[in-house]
Amino acid sequence: DSGVTQTPKHLITATGQRVTLRCSPRSGDLSVYWYQQSLDQGLQFLIQYYNGEERAKGNILERFSAQQFPDLHSELNLSSLELGDSALYFCASSVGGSGGSYNEQFFGPGTRLTVL
Amino acid sequence: ILNVEQSPQSLHVQEGDSTNFTCSFPSSNFYALHWYRWETAKSPEALFVMTLNGDEKKKGRISATLNTKEGYSYLYIKGSQPEDSATYLCARAATGGGNKLTFGTGTQLKVEL
């Protein structure tokens with residue numbers, strides 16, 4: 001158990017809908033990262049928040065947004081869902097994360113999203 | 001090298017064999033190289049984080065080396081056991097803001113009795 005929690009574990013929804021994925025980092029970690037694992041691709045970095053502020057951005061679609069709250073938990077919002085958004089979404093956390101850190105990242109169990 | 005590449009894609013070895021995998025990455029703007037172990041139905045687990053050229057890290061039967069000038073890292077497993085069966089991922093962090101990791105697609109290791 002990495003100490004990172006994600007809810008829900010599974011989510012099944014229809015095209016066009018909007019969902020929210022939630023992540024609680026390990027106690028003391030200030031950075032939260034979101035990754036997408038699609039069937040035919042490796043882990044793709046979406047976005048990083050550090051102590052409430054966006055720190056780094058990957059190829060995150062405009063339909064996707066995220067935020068980190070004062071208690072450091074994070075939410076990833078996915079809207080106007082398409083079939084291709086079906087994937088495993090991981091959240092990870094680390095102690096640091098500012099300025100090209102070498103901190104290891106601790107991954108949560110993931111949320112499997114299925115868009116029908 | 002423009003992306004993080006790993007080879008081989010998959011590997012089947014017998015119990016007791018020693019094995020190694022390669023991770024190649026862009027050497028420019030390099031900051032750190034991460035190795036993760038990912039078992040089926042679980043989440044990736046950090047093995048090593050390396051930053052210095054020539055770095056070598058070890059954890060039990062698993063070790064890793066780093067060459068930042070030529071952009072590669074090797075992961076070695078000595079005396080493979082069935083519980084080593086997993087996908088091994090490497091990821092590169094670049095300088096310049098945040099801790100964005102670019103992952104390779106992994107090497108899937110299967111250790112057979």
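Remember, predicted model here, so these are calculated numbers, not experimental data. Here is how names work: the chains are called A, B, and so on, in the same order as the sequence lines, proteins then strands, and each is numbered from 1.
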Has B:R92 got its NZ or CZ under 6.0 Å from the middle of the six-membered ring of B:F25, at an angle within 45 degrees of the ring axis? no

Check whether B:Y36 gets within reach of chain A through its side chain, its backbone, both or neither, counting any heavy atom under 4.5 Å. side chain

Using non-hydrogen atoms and a 4.5 Å limit, figure out which bit of B:L47 sits close to chain A: side chain, backbone, both or neither. neither

Ring-ring centroid check B:W38 B:F103, cutoff 6.0 Å: no

Taking side chain as everything from C-beta outward and backbone as N, CA, C, O, which of these in A:Y35 sits under 4.5 Å from a heavy atom of chain B? Side chain, backbone, both or neither. side chain

Please look at A:Q105 and chain B and tell me whether the side chain, the backbone, both or neither of the residue comes under 4.5 angstrom of a heavy atom of that chain. both

No-hydrogen, no-angle side-chain donor-acceptor test under 3.5 Å, A:S38 and A:Q44: no

Between A:N103 and A:S94, do the side chains contain an N or O donor and an N or O acceptor separated by less than 3.5 Å? no

